[in-house]
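The structure appears right after this line, and notes come after that.
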Amino acid sequence: MNLLEALNPDQREAVSCTEGPIIVLAGAGSGKTRVLTNRVAYLIKEKRVDPRNILAITFTNKAANEMKGRISSLIGRVARGMWIGTFHATCVKILRRDIGRLGLKRNFVIYDDDDRIRLISHCLKDLNYDTKKYAPRAIKNRISTAKNELLDADTFSSRATSYFDEVVAEVYRLFQQKMTENNALDFDDLIMVTVDLLNLFPDVSEFYRNEFKYILVDEYQDTNHAQYKLVSLLAEKHKNLCVVGDPDQSIYKFRGANIRNILEFELDYAEAKIIRLEQNYRSTQLILEASNYVIENNKGRKPKNLWTSNDRGDSIVHYQSENEHEEAAFVGSEIERLCKEEGRDCRDFAIFYRTNAQSRVLEDVFLRYGLPYKIVGGVRFYERQEIKDVLAYLRVISNPYDAVSMKRIINVPARGIGKTSISYIDKFANQQRISFYDALIRAEENLWLLSSAKEKIKRFLNMLEELIESKEGGIRFLVEKALDVTGYLGFWQEQKTFEAIGRVENIKEFTSAIMEFENSFPEKGLDGFLEHTALIADIDSYNEVVDSITLMTLHNAKGLEFPVVFIVGMEEGVFPHVRSMTEPEELEEERRLCYVGMTRAKKKLYLTSAWSRKLWGSTNYNMVSRFVKEIPDDLFGDAAEIEIESPSKNFGVFSLGDRVMHKTFGKGKVTSVKGENQVTVLFSEVGEKTLLLEYAPLEKVN
């Protein structure tokens, strides 16, 4: 296969220029994934580079898996030796090998946001701070920002400019101490600790610099300072660094992304070659023109002339409604019309909004129309209570020093080790300066504990020891034994409520996930599975095959494309967001966010706004968004010709005890019927809901 033959001249240059630093400015829909995959294949096939000497960093697991698949299809199994993954996954692999240098064990656990907030809450209590006055989530965010800037607790403390920062510094210091005791890292640590490792141990950094002779980084415009530093350290020796990105699509400043990393790449690498990918293969000419008109109003960008040879396409539609309900009705009616008249599937449609709160009215309308939908960024499978409980058991089996997970499951199901006993164990651990786990082992020495509590702790530790000894039997065997020995599965089975039945079904689905993992990665054990679940992101769960409308925030839309896109809430104060109105840099990021949303559309683009909108508890009257006004009038069609149709009112007849299915809430049982239009249903997933059949059509099931 000729890896250059199907590429345009700019793409061909980006693939074949393999030596030295290169920045590829890849416009929206310009085929950057093809360039990245062909470049890797070209290095291996044409340049005879050992796959183990190539590191490719992506921003999502979804993108990494897509790249792996494409490269394998180009050059076969030989590509399996290279490193392809997210920043976090790459750092985990490095740390599993060398973190012992920093005094932690290789089987460290990875804490998610929920775990971090729990631990920060414990730290605040230990330091006698009121968690109502000092919100754990706010402190978590402040610590995260510090880590993204590679500031440890002492450095952060020295730079504190307010009393709140002084409190954060104190919590940060204790938080890190407890993280070390728990043999745990959070997501920000994964990168920060890897940078520390490379800086502190020259032999380690030399090993990886020799290992990674060629480095590729996707979405470089979204890197933060810690990620920038990591890449710089790894590329220092060979300087064969290829970064791909688009300053016009930098939208993650709130996560610490620094657009200067891509804008000033040439300052770091004076000899860098600049290649622009300006041909768009995704959108119609009209959509592209409208997007260009919007983004050209930004000053902090690298100019490029994005063009396409695609058809001119349909005009952009701007629909201005009376309120958010009429706006949502327009979206639902238009989707229904396009499905009927153009034969489109529900999966062809995406609705983007600036904030999650805007989805509620849309969901109400879709339920009314009977349109299937999914929300990307909602509660994930691995974040459900019962799944987090089982994962916590597994994490404790893997690493008993994980105090956050230990405290989550020590009394779940109830075994008589309640909050009072846990506080006494904490008190003893602090007094003796030992870990929570060691304090459990030494419970007999704890004068605060009653003898009955000590006996229960002993039984719990014996049970835990039995499970730890069962690790070698495989993950599925371990989970099944843990569910049995701990009594956790039986606890839910005995309750026999619809909610409990749903939780049991989720636990069984969890065992299916374990089977899939063991089949796909037979060489990886429990630690590998825990790492896999910890690194899953919201967008990785997106499945374009499912035939349902996609609802998501504009920030989640990055990297996706749809035939038809609606961007709702195009009003000043909503989008651009009210917080950005007085800050030029923030406003430019909002405009980039709009550009990202617009360029997801392949065939049709709708921009909707409302004269009045009730949002966040109050009604506001806002002007049409400046982003709409930045598009010339001649690119718009006439939305006034589109009529809003009402859905049919065929509600059906339901009786007490009927088993029903709801498109969003799942399976349930009718517990009350009022008139012809109102029923109460007990759903196994979400509990009891009272529904108006006009807005929430149900189906009877056997």
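For clarity, every value in this text was computed on a predicted model and none was experimentally measured.
Atom-to-atom distance recorded for I262:CD1 and K302:NZ is 8.0 Å, nearest 0.5 angstrom. Interatomic distance, S283 OG to L288 CG, rounded to the nearest 0.5 Å: 6.0 Å. For the atom pair Y293 OH and I316 CD1, the distance stands at 12.0 Å (nearest 0.5 Å). Considering CD1 of I120 and OH of Y172, their distance stands at 10.5 Å, rounded to 0.5 Å.
Few gaps surround CZ on R12; more than 12 heavy atoms of other groups in view lie less than 6.0 Å from it. R260 CZ: 12 or fewer foreign heavy atoms inside a 6.0 Å radius. For M623, the CE atom sits in a loose shell: 12 or fewer heavy atoms of surrounding residues, nucleotides or ligands are nearer than 6.0 Å. The number of heavy-atom neighbours closer than 6.0 Å to CZ of F636, taken from other residues, nucleotides and ligands shown, is above 12. Other residues, nucleotides and ligands contribute more than 12 heavy atoms inside 6.0 Å of the CG atom of D130.
Between D113 and R116, at least one side-chain nitrogen of the basic residue sits less than 4.0 Å from a carboxylate oxygen of the acidic one, meeting the salt-bridge criterion. Residues E588 and R301 are not paired through a salt bridge, judged by the lack of any N-O separation under 4.0 Å between the basic side chain and the carboxylate. Remark: K558 engages D222 in a salt bridge, criterion side-chain N to carboxylate O under 4.0 Å.
Put simply, the side chain of R173 reaches to within 4.5 Å of the side chain of D154, judged on heavy atoms. With contacts defined as side-chain heavy-atom distances shorter than 4.5 Å, the pair I23/Y220 does not qualify. No side-chain heavy atom of Q279 sits under 4.5 Å from any side-chain heavy atom of D10. Contact annotation: the side chain of N258 never approaches that of N224 to less than 4.5 Å [non-hydrogen atoms, C-beta and beyond]. By the 4.5 Å heavy-atom criterion applied to side chains, T550 and R347 are not counted as neighbours. Within the 4.5 Å cutoff, no side-chain heavy atoms of I351 are placed close to those of Y373. When side chains are defined from C-beta on, T553 counts as touching Y353, because their heavy atoms get closer than 4.5 Å. Side-chain contact between V15 and V35: present, with at least one pair of heavy atoms (C-beta onward) separated by less than 4.5 Å.
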Apply salt bridge (charged side-chain N to carboxylate O under 4.0 Å, His left out) to the pair K304 and E278, showing each step before the final yes or no. CA-CA 7 Å; K304 60 179 179 297; E278 298 177 313; over 6 Å; no
For side-chain hydrogen bond (donor to acceptor under 3.5 Å, both in side chains), just list the numbers for T155 and D152, CA-CA rounded to whole Å, side-chain angles, deciding distance to a tenth of an Å, and then say yes or no. CA-CA 5 Å; T155 307; D152 61 19; 2.7 Å; yes
E19/Y214 under side-chain hydrogen bond (donor to acceptor under 3.5 Å, both in side chains): CA gap, chis, key distance, verdict: CA-CA 8 Å; E19 308 305 307; Y214 294 86; 2.9 Å; yes
For E585 and K253, run salt bridge (charged side-chain N to carboxylate O under 4.0 Å, His left out): C-alpha distance rounded to whole Å, both residues' side-chain angles, the deciding distance at 0.1 Å, then the answer. CA-CA 10 Å; E585 287 188 7; K253 184 181 178 184; 3.2 Å; yes
Does the salt bridge (charged side-chain N to carboxylate O under 4.0 Å, His left out) test come out yes or no for D246 and K32, once each step is laid out? CA-CA 10 Å; D246 181 5; K32 72 178 179 68; over 6 Å; no
Let's go through K603 and D314 carefully: what are the C-alpha distance in whole Å and the side-chain angles of both, what is the deciding distance for salt bridge (charged side-chain N to carboxylate O under 4.0 Å, His left out) to 0.1 Å, and is it a yes or a no? CA-CA 7 Å; K603 299 294 184 182; D314 296 336; over 6 Å; no
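Shown here are the salt bridge (charged side-chain N to carboxylate O under 4.0 Å, His left out) partners of E166, two or more places apart in sequence or in another chain: there are none. Y228 is linked by a side chain to side chain donor-acceptor pair (under 3.5 Å) to D268, counting only residues two or more places apart in sequence or in another chain. Not a single side chain to side chain donor-acceptor pair (under 3.5 Å) links E583 to another residue, sequence neighbours left out. Qualifying side chain to side chain contact (heavy atoms under 4.5 Å, CB included) partners for A135, counting only residues two or more places apart in sequence or in other chains: A138. With sequence neighbours left out, the side chain to side chain donor-acceptor pair (under 3.5 Å) criterion links N199 to no other residue.
Tested against Y281 for a side-chain hydrogen bond (donor to acceptor under 3.5 Å, both in side chains), the candidates T308, N310, N8 yield a single pass: N8. With L25 as reference, I274 is the one residue of I275, I274, L277 to meet the side-chain contact (heavy atoms from CB on, under 4.5 Å) rule. Checked against R613 for a side-chain hydrogen bond (donor to acceptor under 3.5 Å, both in side chains), the options Q358, E324, E327 give a single hit: E327.
Of the possible donor and acceptor atoms, none in the side chain of R209 sits under 3.5 Å from a partner among the backbone N and O of E236. A side-chain donor-acceptor contact under 3.5 Å links S612 to the backbone of E322.
Residues in residues 131-156 take part in these ring-ring contact (aromatic ring centres under 6.0 Å, His included) pairs, two or more places apart or across chains: Y129-Y134.
Counting all heavy atoms, side chain and backbone alike, G332 lies closest to V365 at CA-CG1, 4.4 Å. The two residues F59 and E219 make their nearest non-hydrogen contact at CE1-O, 3.4 Å. Residues D188 and S144 approach most closely at OD2-OG, 2.7 Å, considering heavy atoms. Of all the heavy atoms in M570 and S609, the pair that sits closest is O-CB, 3.3 Å. Taking both residues in full, the closest heavy atoms of W83 and T90 are given as CZ3-O, 3.9 Å, listed atom of the first, atom of the second, then distance. The two atoms that bring T58 and D218 nearest to each other are CA-CB, 4.3 Å, heavy atoms only.
In this structure, the ring of F627 has its center less than 6.0 angstrom from the ring center of F575.
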